[in-house]
K.L.:
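My questions all concern the structure below.
None of the values given here were measured: they were computed from a predicted structure.
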Amino acid sequence: NSLVDCFCKSGKIPYAWELVNAMHDSGPTPNIITYSILLDALCKSQHLDQGIALFNEMIERGLAPDVWSYTILINGYCKKQRIDEAINLLKEMHLKNLVPHTVTYTSLIDGLCKCGRISYAWKFLNGMHDSGPPPDVITYSILLDALCKSQHLDQAIFLFNQMIERGLAPDVWSYTILINGCCKSERIDEAMNFFKEMHLKNLVPDTITYTSLVDGLCKSGRISFAWQLVNAMHNS
RNA sequence: UUCGCUGGGGGAAGG
């Protein structure tokens, strides 16, 4: 499985596939994890159709898909904006008494957000909060990003605070999403406040955090301040 | 039977 994963992650999917077939023919028999590795690689390399075929072949060969493999396929469908089929898979899991993980729902929420169904995604997140599996900081970040990008920065800030009230600690990514949202709405001062807040929480801004801020500063004409930030990056 | 290993989700700019 490690070898199959290596082939996949270095872009050599045909080799990975050959290896899986060789395992199937002459052992050791591939297990659910073997197939999941290949399934994920196929989904991520724009070959969802082949992923679906592999998923079905795996079932024909007598392996029952688990929560992980379903999640991988659901994510594949979502990335292709095929949300309804993703939801069908979710129903199928339910029929098989497979209980979705946080990651499963988070993938679906990302799909919903990226095709504009933000209020449904928000309801979904609240449903997770009420009845589990609980949303985590990634689940919130996806919705934060969608709210920011659809001109609902204030609602994003509300949700960010609600996430904290509910006991989750924001990370570098969630702060960066908000900072970028503030910058894009030309609310640079608020972006700077969040940036300072990160420091107070011992969160270390990364390149993307700085890039968002520098971009916002430049596009609002505050070039010398942007320059200072670039120097600060250079020095730390 | 127990234990261990390997698989899944989020952010910026530039043409």
K.L.:
Quick one: do the A:Asp171 and A:Ser174 side chains pair a donor with an acceptor below 3.5 Å?
P.N.:
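Indeed, the side chains of A:Asp171 and A:Ser174 share at least one donor-acceptor pair under 3.5 Å.
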K.L.:
Without decimals, in angstroms, what is the distance between A:Asn1 CG and B:G4 C1'?
P.N.:
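For the pair A:Asn1 CG and B:G4 C1', the rounded distance is 15 Å.
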K.L.:
Counting the atoms with a prime plus P, OP1 and OP2 as sugar-phosphate, which does A:Thr34 contact under 4.0 Å by heavy atoms, base, sugar-phosphate, or nothing?
P.N.:
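Nothing: the residue A:Thr34, judged by heavy atoms under 4.0 Å, touches no strand.
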K.L.:
What's A:Ile72 touching, base or sugar-phosphate or nothing? Going by heavy atoms closer than 4.0 Å.
P.N.:
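Answer is sugar-phosphate: A:Ile72 comes under 4.0 Å of backbone atoms only.
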K.L.:
For the side chain of A:Thr34 and the backbone of A:Asn1, is there at least one donor-acceptor N/O pair under 3.5 Å apart?
P.N.:
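No.
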K.L.:
Tell me which nucleotide among B:G8, B:A13, B:G11 gets nearest to the side chain of A:Thr104.
P.N.:
B:G8
K.L.:
Is it true that A:Asp5 and A:Ser2 share a donor-acceptor pair across their side chains at a distance under 3.5 Å?
P.N.:
no
K.L.:
Any base atoms under 4.0 Å from A:Thr176, or only sugar-phosphate, or nothing? Heavy atoms, all strands.
P.N.:
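Base contact.
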K.L.:
Under 3.5 Å, is there an N or O donor on one side and an acceptor on the other linking the side chain of A:His101 and the base of B:G8?
P.N.:
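Indeed there is one.
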K.L.:
Strictly below 4.0 Å, N to O, side chains only: are A:Arg117 and A:Asp84 in salt-bridge contact?
P.N.:
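Looking at A:Asp84 together with A:Arg117, the answer is yes, because their closest N to O distance falls below 4.0 Å.
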K.L.:
Are A:Tyr70 and A:Glu92 linked by a side-chain donor-acceptor pair shorter than 3.5 Å?
P.N.:
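Yes, a side-chain donor-acceptor pair sits under 3.5 Å.
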K.L.:
Tell me: CG of A:Asp40 to C1' of B:G7, nearest whole Å?
P.N.:
7 Å
K.L.:
Less than 3.5 Å apart, any donor N or O on the side chain of A:Thr209 or A:Asp206 sitting next to an acceptor on the other?
P.N.:
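Looking only at side-chain atoms, A:Asp206 and A:Thr209 do form a donor-acceptor pair, the distance falling under 3.5 Å.
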K.L.:
Whole Å only: how far is the CG atom of A:Leu168 from the P atom of B:G10?
P.N.:
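Roughly 18 Å, once rounded to whole Å.
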K.L.:
Between the side chains of A:Asp49 and A:Arg82, is the shortest nitrogen-to-carboxylate-oxygen separation below 4.0 Å, so that they form an ion pair?
P.N.:
no
K.L.:
A:Leu178 has an atom CG; how far is it from atom C1' of B:G11, in whole Å?
P.N.:
11 Å
K.L.:
Checking contacts here: which listed nucleotide (B:A13, B:G7, B:G9) is nearest the side-chain heavy atoms of A:Asp215?
P.N.:
B:A13
K.L.:
Answer with base, sugar-phosphate or nothing: what part of the nucleic acid does A:Asn31 contact at a heavy-atom distance below 4.0 Å?
P.N.:
nothing
K.L.:
Dot-bracket for RNA chain B: what is it, with Watson-Crick or G-U pairs under 3.5 Å, [ ] where a pair crosses earlier ones, and | for a pair to another strand?
P.N.:
...............
K.L.:
Can you find an N or O donor on one side and an acceptor on the other, under 3.5 Å apart, linking the side chain of A:Thr102 with the base of B:G9?
P.N.:
no
K.L.:
Ignoring the backbone of A:Lys149, work out which of B:G7, B:A12, B:G14 is nearest its side chain.
P.N.:
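Nearest nucleotide to the side chain: B:A12.
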K.L.:
Tell me whether the side-chain N or O atoms of A:Asp171 pair up with the base of B:G10 as donor and acceptor below 3.5 Å, since no angle test is needed here.
P.N.:
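It does, because a donor-acceptor pair links the side chain of A:Asp171 to the base of B:G10 below 3.5 Å.
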K.L.:
Let's see if you can work this out: which of B:G7, B:A12, B:G14 has an atom nearest to the side-chain heavy atoms of A:Lys219?
P.N.:
B:G14
K.L.:
What is the separation between atom CD1 on A:Ile109 and atom C1' on B:G11, rounded to the nearest whole Å?
P.N.:
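About 17 Å, once rounded to whole Å.
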K.L.:
Atom CD1 of A:Ile33 and atom C1' of B:U6: how far apart are they, to the nearest Å?
P.N.:
6 Å
